[in-house]
Engineer: 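Quick one: the structure is below, questions incoming.
These numbers come from a predicted model, not from an experiment. Quick note on labels: first sequence line is chain A, next is B, and so on, each numbered from 1.
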There are 2 protein chains.
Amino acid sequence: MAKKIKIDADLSTGEKIKEAARKVFTQKGYAATRTRDIAEEAGINLALLNYYFRSKEKLFKEVMLEKVQQLFGALLPLMSDPSTKLESKIEGIVSTYLDMLLANPDLPLFVLSEIRGQQEQLKKVLPLEKILQNISFVKQLKERRPDIKPVHYLMNILGMTVFPFIAMPAFETMGIINKSEFEALISERKKLIPLWVNAILKAK
Amino acid sequence: MAKKIKIDADLSTGEKIKEAARKVFTQKGYAATRTRDIAEEAGINLALLNYYFRSKEKLFKEVMLEKVQQLFGALLPLMSDPSTKLESKIEGIVSTYLDMLLANPDLPLFVLSEIRGQQEQLKKVLPLEKILQNISFVKQLKERRPDIKPVHYLMNILGMTVFPFIAMPAFETMGIINKSEFEALISERKKLIPLWVNAILKAK
DNA sequence: GTCTATAACCTGATAGAC
DNA sequence: GTCTATCAGGTTATAGAC
């Protein structure tokens, strides 16, 4: 069994490069990754990277757009479904989102820290401001608590759900927690967060 | 009135450079900042930067340690005080921390994304794992809810408090929110979060 | 399509004059 | 202490052979 094979060999060259780029960019960020890192990770030559993608920046933007959609796009269908009521919607959002984050633990920190100066591209892909107005979830929050801005609950749910993944690297380098302990915590939170959000919704 | 003066002129050269470094590093991160950016921001020559600080990395580490202490250090005295009871401790933590974050909005994203590979330096300055064991706040949480790990409440409080500052740049570039709207939200949360944390502590 | 070699550029750091 | 000029090394991107 080959242990240090980096990228699946039976992918098209373009996909191998892109997969390598996904990995290196999300781990190190745009400025700190060298195209050589990506080429090596992909098991191809540096020149090929520029043959398939015109430049480092172009490759990055493709990866970035994907990641933004992965991070935000996963939320929209869950929040939009008008057939589920608020409680089960919260449960679904938290559970699905935590699963996605466990599979992509460094996605949030990557997107949120590398998003600077990507306004142009983003607005095309994710017209979030318009979506957020008429989405079923927001309406239900408004109904339940007309006295509190729905965005507050959004922040609370995302904060409780996403923040652990943002802080994990720090806690990990400080030796406070390791990966398996973290995953155990997250699986506890899968049941707890919906409970807590419910309590928050009732708080006076 | 000189509008584009970058750094107060009546500082020692070393402090001018460090102040500029604080600003540029926290905005762009280590890899993306050029020592030339810092020199220009400080209104001095590039060579002087290397005269005062031996290298880019050394300058960065000084700034980084400061910022880590600012981000985590502010919490410790608040969480340690054994004379305050749980409710008012939560109120104090949230209120003080939000004030600090409003004054340094990009501090959390900077520290949490640039902390990689700083283990050595950090453990000297912040032996957090030991502190967290015996701190008054954690004990009180354990007493109140022996059935839930205290770290969960830590994550909830920090998530609700800090996460908005992490997500703000993203929401800002998407045009969902602007700075003054954000600050208004935060000042609302100053009263709401303690309420919510209380509700969470009671949730069954 | 894929490679080697190299061009063109940028960045951190230093030498040396003042 | 502060500057100008420059070096040394590294990085992106391309030219050109296969």
Engineer: Among residues 49-65 of chain B, which contact DNA chain D at a heavy-atom distance under 4.0 Å?
Structural biologist: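 Contacting residues: B:Y51, B:Y52.
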Engineer: Should the ring pair A:F171 and B:F72 be called parallel, tilted or perpendicular, given that the plane angle runs from 0 to 90° and is split at 30 and 60?
Structural biologist: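 Rings of A:F171 and B:F72: tilted, as their planes differ by 30° to 60°.
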Engineer: Apply side-chain contact (heavy atoms from CB on, under 4.5 Å) to A:M174 and B:I115, showing your working.
Structural biologist: CA-CA 10 Å; A:M174 289 185 194; B:I115 206 168; 4.0 Å; yes
Engineer: Name the orientation class of the two ring planes belonging to B:F165 and B:F182 (parallel below 30°, tilted from 30 to 60°, perpendicular beyond 60°).
Structural biologist: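 It falls in the perpendicular class, over 60°.
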Engineer: Write down the distance between NZ (A:K16) and C1' (C:dT2), rounded to a whole number of angstrom.
Structural biologist: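 Checked: the NZ to C1' distance equals 11 Å.
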Engineer: Without swapping roles, check the side chain of A:K85 against the backbone of A:Q140 for a donor-acceptor pair under 3.5 Å.
Structural biologist: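 No; zero donor-acceptor contacts below 3.5 Å.
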Engineer: Describe, as an angle rounded to 10 degrees, how the axis at the first end of the helix from C:dG1-D:dC18 to C:dC18-D:dG1 is tilted relative to the axis at the last end, five pairs per end.
Structural biologist: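 About 10°, once rounded to a multiple of 10°.
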Engineer: Do B:F25 and B:F60 have ring centres separated by under 6.0 Å?
Structural biologist: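 That pair passes the under 6.0 Å test.
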Engineer: Would you kindly give the CG-to-P distance between B:L48 and D:dG1, to the nearest whole Å?
Structural biologist: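 My rounded result for the distance is 10 Å.
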Engineer: Can you check whether A:T35 has a side-chain N or O nearer than 4.0 Å to OP1 or OP2 of D:dA13?
Structural biologist: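 For D:dA13, OP1/OP2 do not have a side-chain N/O of A:T35 under 4.0 Å.
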Engineer: Expressed in angstrom and rounded to an integer, what is the separation of A:I44 atom CD1 from D:dA13 atom C1'?
Structural biologist: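 Value for this atom pair: 13 Å.
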Engineer: Provide, to the nearest angstrom, the distance between the CD atom belonging to B:E40 and the P atom belonging to C:dT11.
Structural biologist: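 From B:E40 CD to C:dT11 P: 12 Å.
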Engineer: Please determine if A:E114 and A:K67 form a salt bridge, counting it only when a charged side-chain N lies under 4.0 Å from a carboxylate O.
Structural biologist: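 No, A:E114 and A:K67 are not salt-bridged.
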Engineer: Atom pairs, N/O to N/O, protein against nucleotides 4-8 of chain C, distance under 3.5 Å?
Structural biologist:
residue : atom : partner : partner atom : Å
C:dT4   : OP2  : A:N45   : ND2          : 3.0

Engineer: Sequence neighbours excluded, which residues qualify as salt bridge (charged side-chain N to carboxylate O under 4.0 Å, His left out) partners of A:D37?
Structural biologist: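 By the salt bridge (charged side-chain N to carboxylate O under 4.0 Å, His left out) rule, A:D37 matches A:K28, A:R34.
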Engineer: Taking ring-ring contact (aromatic ring centres under 6.0 Å, His included) as the cut-off, I'd like each qualifying pair that reaches into residues 35-55 of chain B, sequence neighbours left out, listed once.
Structural biologist: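 Pairs touching residues 35-55 of chain B that pass the test: none.
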Engineer: Compute whether any side-chain donor of one residue and acceptor of the other, for A:R22 and A:N104, lie under 3.5 angstrom apart.
Structural biologist: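 Not at all, the side chains of A:R22 and A:N104 share no donor-acceptor pair under 3.5 Å.
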Engineer: Using atom CZ of A:R34 as one end and atom C1' of D:dA13 as the other, report the distance to the nearest whole Å.
Structural biologist: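 A:R34 atom CZ is separated from D:dA13 atom C1' by 16 Å.
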Engineer: Mind jotting down which residue pairs meet the salt bridge (Lys or Arg N to Asp or Glu O under 4.0 Å) criterion with at least one end in residues 148-167 of chain B? Sequence neighbours excluded, please.
Structural biologist: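 Pairs touching residues 148-167 of chain B that pass the test: A:E188-B:K149.
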Engineer: Is the terminal nitrogen or CZ of A:K142 (NZ for Lys, CZ for Arg) located under 6.0 angstrom from the six-membered ring centre of A:Y153 and within 45° of that ring's axis?
Structural biologist: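 Here A:K142 fails the 6.0 Å and 45° test against A:Y153.
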